[in-house]
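For reference, the structure is listed below as structure tokens.
Not measured: the values here are computed from a predicted model. Chain letters run A, B, ... following the sequence lines, proteins first and then strands; every chain starts at 1.
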2 protein chains.
Amino acid sequence: MGIKVFIVDDHYMVIEGIRSLLQNEKGIDWAGHATNASSCLAFLQQQQPDVILMDINLPDKSGIDLCKEVKERYPSVFIIGLSTFNQQSFIQKMIDNGASGYVLKNATQAELMEAIEIVASGKTFLSNEAALSLRSKDNNDAPVITRREKEVLELIAEGMTNNEVAQKLFISPSTVDTHRKNLLVKFDAKNTASLIRLAAQHQLI
Amino acid sequence: MGIKVFIVDDHYMVIEGIRSLLQNEKGIDWAGHATNASSCLAFLQQQQPDVILMDINLPDKSGIDLCKEVKERYPSVFIIGLSTFNQQSFIQKMIDNGASGYVLKNATQAELMEAIEIVASGKTFLSNEAALSLRSKDNNDAPVITRREKEVLELIAEGMTNNEVAQKLFISPSTVDTHRKNLLVKFDAKNTASLIRLAAQHQLI
DNA sequence: TTTTATATCCCTTTAAAACAGGATATTTTG
DNA sequence: CAAAATATCCTGTTTTAAAGGGATATAAAA
């Protein structure tokens, strides 16, 4: 009875690749795969694997959100983030949301196996590049913004004015203005243009 | 003697996935793989496969440029673009540079096989989604902007006002305003916020 | 060569954002 | 519980952007 591994990735070729890398490993049992967040959650209602390899980009929901949801419902399942992007913000968010590891898609079989085994034992695994990225100094961290501020930010990014955002959220235009002011301060942005650019760079919109 | 297929992709898992998908196909011979453009070119000096599956994102050079280079030197080699991105501009550029097909990474084995066989016979293959994307009117393609407009756009994204941009570029604020108006029209943006978001989404800033 | 695209410049009015400087109620958390 | 964070709302003023309407010179393409 090996480690039961499940995969969520919207790319069939990546699923096949991982299956191919793991199929001859004795310590690994293939639990199955999903190509989106909802079928992953549906699968988990039936059975829980030991480790989930989870892509960050899924069609219906971000892997970052899915990670949080899965860990809330099934805390005993360990999650390894899987991505082509070696971005500090992604890695940090996955870890924050309960992931036990992060592996890049250009990882070798040995690296993948190492990650699965370490994570299954309850420890944390970061691939070399991911660990480096987390430690890098040119760490232009995204500012911490509240849920409400994020809502407002997204609506502004869609082109809405303060009044429109206010109507949409059933709050006063003054409140929207305040959130906006706080966003400018938090991002150290001079105006809306730089605010949206910074937010986009940090993948917040 | 089947169709000799070579793969260039920087993701080991994708290479494994494709190899796994193709290994039991009788009409296919595995010619090898490369994880970057230069080792792909080095391989081609030794031997030429019939079909190259080529990722658009490579570490040293874009697949789009590599495609052009390969077709110039080895016109008899057929190339299939491979990408997670179903973006019209990418597909078009690959075709323009001599690719005979475009397949998304979430393609099934059947689709991949079909693509390889059709392309090897000298015809062109586009996956369903790619073909749709090429024909779609709600073309999620970046609008064509002039060099000057791009300059202005970048400065706006940095948080500069019209007056500041004008000073920087040694032109009148009125001119900056005109460029700005044209940018809003070209991007079909309601205001600066949506303009910057769209520009960021199209990797223009 | 004539059209088209690009880049430049101007005016006016209205709408929106930025800035300043408050206040209060409700959560969250140490 | 008390402090901190969050979310809500207010009155102003100043600055900037958006929308509408123009115009001219030049370079590139048909």
*Figure out the CG/P separation between A:N163 and D:dC10, and round it to whole Å.*
12 Å

_B:S174 side chain near C:dC9 phosphate (N/O to OP1/OP2, under 4.0 Å)_ = no

*Considering just the side-chain nitrogens and oxygens of B:T192, establish if one lies under 4.0 Å of OP1 or OP2 belonging to D:dA18.*
yes

_Spacing between B:K150 atom NZ and C:dA7 atom P, to the nearest angstrom_ = 13 Å

*Which nucleotide in the set C:dT8, C:dT6, D:dG21 lies at the smallest distance from any side-chain heavy atom of B:H179?*
C:dT8

*Does a side-chain N or O from B:N191 land closer than 4.0 Å to OP1 or OP2 of D:dA18, or not?*
no

*Rounded to whole angstroms, how far apart are CG on A:L184 and C1' on D:dT15?*
14 Å

*Could you state the atom-to-atom distance from CD of B:E164 to P of D:dT16 in whole Å?*
7 Å

*C:dC9 phosphate, OP1 or OP2, under 4.0 Å from B:T175 side-chain N/O*: yes

*Please tell me if the side chains of A:S127 and A:E111 come closer than 4.5 Å, counting only heavy atoms from C-beta onward.*
yes

_Side chain of B:R148 only, heavy atoms from C-beta on: which candidate in D:dA18, C:dT8, D:dT6 is closest?_
C:dT8

*Between atom CG in A:L183 and atom P in D:dT6, what is the gap in whole Å?*
12 Å

_A:E164 and A:K168 ion-paired at < 4.0 Å_ = no

*Okay, side chain of B:N97, backbone of B:I64: is any donor-acceptor separation there less than 3.5 Å?*
yes

*Could you pick out which residue, B:K190 or B:K186, lies toward the 5' side of DNA chain C when each is mapped onto its nearest nucleotide?*
B:K186

*Quick one: B:D177 CG to C:dC11 P, roughly how many Å, whole number?*
12 Å

*asked:* On DNA chain C, compare the nucleotides closest to B:V176 and A:T161; which residue's is nearer the 5' end?
replied: B:V176

_Spacing between A:I171 atom CD1 and D:dT6 atom P, to the nearest angstrom_ = 16 Å

_A:R180 CZ to D:dT8 P, straight-line distance once rounded to whole Å_ = 16 Å

*Taking only Lys NZ, Arg NE, NH1 and NH2, and the carboxylate oxygens of Asp or Glu, determine whether B:K186 and B:E149 approach each other closer than 4.0 Å.*
yes

*asked:* Closest approach to the side chain of A:T178, judged atom by atom: which nucleotide of D:dG20, C:dT8, D:dC9 is it?
replied: D:dC9

*So, B:E158 and A:K190, do they make that salt bridge, N to O below 4.0 Å?*
no

*Taking only the side-chain nitrogens and oxygens of B:R147, find out if one of them lies under 4.0 Å from OP1 or OP2 of C:dT6.*
no

